[in-house]
Amino acid sequence: MAQPIIGHLERLSIVKNTKEMLSVYFIAGTQDIIEGTLPSILEEALKAGITCFQYREKGQGSLTEFHDKMNMAKICQSLCREYEVPFLINDDVELALKIDADGIHVGQDNQDIQEVIGLFPTKIVGLSCHDQHEIIVANQLEKITYYGIGPVYGTQSKPDAEKPIGIKTLQHLIKEANKPVVAIGGISTENVSDVLATDVDGVSVISAITRTENIRETVKSLQ
Ligand code: 3NM
């Protein structure tokens with residue numbers, strides 16, 4: 001049966017907003033900060049024009065106590081609100097619900113994606129995908145907002161990352177995807193033009209922003 005016109009228009013507007021949101025998508029947690037603090041780096045990145053932030057407290061050097069993570073998440077959330085940028089939480093359903101984040105990003109081996117969708121019916125839900133099979137399965141689920149596809153290149157920020165897929169495979173996987181796509185993994189100001197030459201909707205970075213000497217210039221180059 002044909003969709004009612006308003007439903008179709010609403011859907012188009014959600015997709016348009018999602019694509020804009022994915023343009024320069026910054027991810028970070030305490031473990032990624034070399035100099036300064038996460039809130040100070042985040043605020044500089046927000047001023048420079050990032051379009052989305054994901055709080056990802058994970059791995060060596062990360063905060064482990066729920067209370068500490070919640071306090072940090074709240075500080076980052078209020079900065080994102082000030083700059084009207086969506087604030088997402090990586091993986092931690094309990095934290096995302098508790099602080100009423102704008103959404104959640106999960107990997108393939110985190111919580112069951114159907115369950116996550118059920119817990120966040122009106123929020124942004126992002127899913128990491130690494131190959132064609134994962135995309136074909138995820139394409140069946142309407143309520144996923146976007147896919148994070150990668151790692152495109154080798155990454156220092158995720159020790160357990162999969163093998164890099166490269167640009168050709170990225171392009172192929174984007175064609176397979178029925179949702180907006182943000183590319184991830186090893187993306188820098190040097191290689192971003194190759195990534196943006198695909199049909200990707202945006203780029204997602206940790207170290208390009210946390211390790212740069214000039215956040216403003218870096219964010220501009222990633223746009
Ligand atoms: N997820 P950087 S790669 C968090 O492939 C994350 O799913 C990946 O950091 C995936 O920009 C990655 O420093 C790390 O390479 C991205």
Side-chain angles (χ1 to χ4, degrees), residues 22-35 38 41-42 45 48 50-63 69 76 87-92 96 103-111 113 116 124-135 137-138 144-174 176-177 179-196 198 200-215 218-219 221-223:
L22 297 178
S23 174
V24 186
Y25 182 147
F26 179 38
I27 304 175
T30 311
Q31 71 283 347
D32 302 306
I33 306 305
I34 317 287
E35 237 186 272
L38 177 56
I41 302 285
L42 173 59
I50 58 162
T51 51
C52 185
F53 176 66
Q54 180 194 124
Y55 178 56
R56 178 177 178 273
E57 198 66 57
K58 213 171 226 179
Q60 212 181 0
S62 59
L63 299 174
K69 282 204 264 184
C76 295
F87 172 81
L88 312 186
I89 298 270
N90 179 282
D91 196 8
D92 194 331
I104 185 143
H105 183 97
V106 289
Q108 294 282 334
D109 35 331
N110 301 149
Q111 206 157 344
I113 185 68
V116 173
I124 298 161
V125 177
L127 176 70
S128 296
C129 293
H130 309 94
D131 59 34
Q132 187 175 13
H133 173 71
E134 288 174 356
I135 290 172
V137 172
I144 298 174
T145 318
Y146 71 89
Y147 301 145
I149 297 185
V152 182
Y153 303 107
T155 174
Q156 302 177 346
S157 308
K158 190 177 185 216
D160 61 344
E162 313 262 332
K163 216 168 127 257
I165 59 172
I167 290 289
K168 256 189 150 171
T169 303
L170 172 67
Q171 181 64 54
H172 172 71
L173 296 180
I174 292 168
E176 205 66 60
K179 321 245 176 347
V181 170
V182 66
I184 186 163
I187 299 170
S188 66
T189 50
E190 277 85 48
N191 60 30
V192 70
S193 56
D194 294 338
V195 180
L196 294 178
T198 68
V200 80
D201 297 298
V203 290
S204 179
V205 300
I206 298 179
S207 54
I209 291 181
T210 58
R211 290 173 185 254
T212 183
E213 304 216 319
N214 191 331
I215 291 179
T218 298
V219 171
S221 309
L222 296 174
Q223 274 162 354

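Atoms within each ligand, like the ligands themselves, are counted from 1 in listed order. No experiment lies behind these values; they were computed from the predicted model shown. Each residue takes its place number in the sequence, starting with 1.
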side-chain contact (heavy atoms from CB on, under 4.5 Å) against I184, all qualifying residues, sequence neighbours excluded: I27, S204
Can you spot which of L222, V182, V203, V205 makes a side chain to side chain contact (heavy atoms under 4.5 Å, CB included) with Y25? V182
Chain-and-number sorted residues having a heavy-atom contact under 4.0 Å with ligand 1 are R56, H130, G150, P151, T155, S157, K158, I184, G185, G186, V205, I206, S207
Contacts of K69 that satisfy salt bridge (Lys or Arg N to Asp or Glu O under 4.0 Å) - sequence neighbours left out: D92
Can you tell me if Q223 and S23 form a side-chain donor-acceptor pair at under 3.5 Å? no
Any idea how F53 and F26 line up, ring-wise: parallel (<30°), tilted (30 to 60°), or perpendicular (>60°)? tilted
I'd like to check the side-chain contact (heavy atoms from CB on, under 4.5 Å) partners of Q132; sequence neighbours left out, ordered by chain and number. I136, H172, L173, E176
